[in-house]
Amino acid sequence: TVYSLTALLAAYLFGSIPTAVWLGQAFYGVDVREYGSGNAGATNTFRVLGKKAGIAVMLIDIAKGYTATNLAYLIGMSVTGPQNSVVFVNYQLALGVTAVMGHLFPIFAGFRGGKGVATLFGMVLAVNFPASMLCVLVFVVVLLITKYVSLSSICAGFTFPLSVVFLFQVSIKSEVLYGMCVCILILVTHQKNLERLLKGKESKVYLFKKKTN
Ligand code: G3P
């Protein structure tokens, strides 16, 4: 229907808001894509512009995914069925993934965006709260142990479908399917990180103390 297509377009536009690029340019006069890993995401903003900017980008990017996913509530239930029905959740997931596409290929920043982790997390937060909390736990534990954000993102990405299958809400099979797509998407966007990880050349992120070398 017209409404559902409009919502998908809105989700893409939401996702397209290049938070890292705009925040860097507006407050620091810097395009983060020219420094560090070259990625327009929270991690690289943290790396290039510091903790405050990194956290702001992370929160806004999560909000993009969360809001876009919940645009499903604006569409009449006659179309999506009752909330938490399979059709409704499918629609939420489609909106979330569309927002992630906007984040990866933002129309407002020359189609050069980020890797989609925070925006994907916003989607998971909206569709499956317990699974999202488990993803956070895995992310934080891997980060504290290894100091690699990319590896933490990949592990958290795998946690989503696995936790849906083994712990929460097995009834909604499309969540598992989308979850597997999330894993593949994260692996694809982190290809360069994976190469660096395998060569032992990935940069580490220290949350609590300054890098000494
Ligand atoms: O969220 C992206 C993160 O997993 C890796 O970012 O800048 O280290 O490539 P970066």
Side-chain angles (χ1 to χ4, degrees), residues 14-25 28 30-66 68-69 96-97 99-106 109-125 132 134-161 179 181-208 210-211 213:
F14 254 118
S16 268
I17 297 169
T19 322
V21 177
W22 282 356
L23 191 137
Q25 284 172 340
Y28 302 84
V30 162
D31 184 339
V32 292
R33 293 174 300 180
E34 285 162 21
Y35 301 91
S37 69
N39 190 52
T43 309
N44 202 36
T45 305
F46 180 92
R47 193 179 282 128
V48 177
L49 301 175
K51 209 180 257 187
K52 253 196 232 163
I55 291 174
V57 170
M58 181 184 75
L59 293 178
I60 296 170
D61 283 350
I62 292 174
K64 288 192 318 194
Y66 185 81
T69 304
V97 169
V100 174
M101 288 303 152
H103 181 82
L104 302 186
F105 309 106
F111 300 98
R112 273 206 304 138
K115 296 182 181 170
V117 177
T119 310
L120 275 170
F121 175 71
M123 176 187 91
V124 176
L125 187 66
S132 73
L134 197 62
C135 291
V136 173
L137 186 70
V138 169
F139 182 91
V140 171
V141 169
V142 179
L143 184 60
L144 289 176
I145 295 172
T146 68
K147 319 280 185 240
Y148 294 127
V149 180
S150 52
L151 187 64
S152 313
S153 302
I154 293 166
C155 293
F158 277 92
T159 305
F160 173 46
C181 294
V182 166
C183 290
I184 295 168
L185 199 66
I186 288 190
L187 287 176
V188 170
T189 59
H190 286 76
Q191 225 173 308
K192 291 220 171 87
N193 302 83
L194 278 168
E195 283 167 21
R196 286 196 293 265
L197 282 167
L198 290 173
K199 288 184 197 151
K201 285 185 177 162
E202 177 68 316
S203 73
K204 294 191 173 184
V205 166
Y206 294 82
L207 290 180
F208 300 112
K210 281 243 164 77
K211 220 174 166 175
N213 54 353

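Whatever order the structure lists them in is the order used to number ligands and atoms, beginning at 1.
With ligand atoms numbered from 1 in the order given, ligand 1 contributes 7 (O) to contacts under 4.0 Å with heavy atoms of Asn44. Taking every non-hydrogen atom of Ser153 and a distance limit under 4.0 Å, the qualifying atoms of ligand 1 come out as 3 (C), 4 (O). Of all atoms in ligand 1, numbered sequentially from 1 with element shown, those under 4.0 Å from a heavy atom of Val117 are 1 (O). Near Ser150, with a cut-off below 4.0 Å to any heavy atom, the atoms of ligand 1 are 4 (O). Taking a cut-off of under 4.0 Å to the non-hydrogen atoms of Ser37, the atoms of ligand 1 that pass are 7 (O), 9 (O), 10 (P). For ligand 1 and His190, the ligand atoms under 4.0 Å from any heavy atom of the residue are 2 (C), 3 (C), 4 (O), 5 (C). Close contacts of ligand 1 with Asn193, meaning ligand atoms under 4.0 Å from a residue heavy atom, involve 5 (C), 8 (O), 9 (O), 10 (P).
Listed for the Asn44 side chain is a donor-acceptor partner under 3.5 Å among the backbone atoms of Val32. Of the possible donor and acceptor atoms, one in the side chain of Ser152 sits under 3.5 Å from a partner among the backbone N and O of Leu143. Using modelled atom types, one side-chain atom of Lys64 and one backbone atom of Ile17 make a donor-acceptor pair closer than 3.5 Å. With Arg33 contributing its side chain and Arg112 its backbone, the two residues share a donor-acceptor pair below 3.5 Å.
For atom 6 (O) of ligand 1, the nearest non-hydrogen atom of the protein is Thr43 CB, 3.7 Å. In terms of protein heavy-atom proximity, atom 9 (O) of ligand 1 is nearest to Lys115 NZ, 2.6 Å.
Within the structure, the closest approach of Gly41 to ligand 1 does not fall below 4.0 Å when heavy atoms are considered. Not a single heavy atom of Lys192 lies less than 4.0 angstrom from ligand 1.
The only member of Thr119, Thr45, Asp61 that meets side-chain hydrogen bond (donor to acceptor under 3.5 Å, both in side chains) when paired with Thr19 is Asp61.
Between Arg47 and ligand 1, a contact under 3.5 Å exists for at least one N or O pair.
Residues Pro161 and Cys183 have side chains in contact (heavy-atom distance under 4.5 Å, counting atoms from C-beta outward).
Residue His190 comes nearest to Lys115 through the heavy atom pair CE1-CB, 3.8 Å, listed as atom of the first residue, atom of the second, then distance.
In this structure, Lys51 fails the cation-pi test against Phe46, since its NZ or CZ atom is not both closer than 6.0 Å to the six-membered ring centre and inside 45 degrees of the ring normal.
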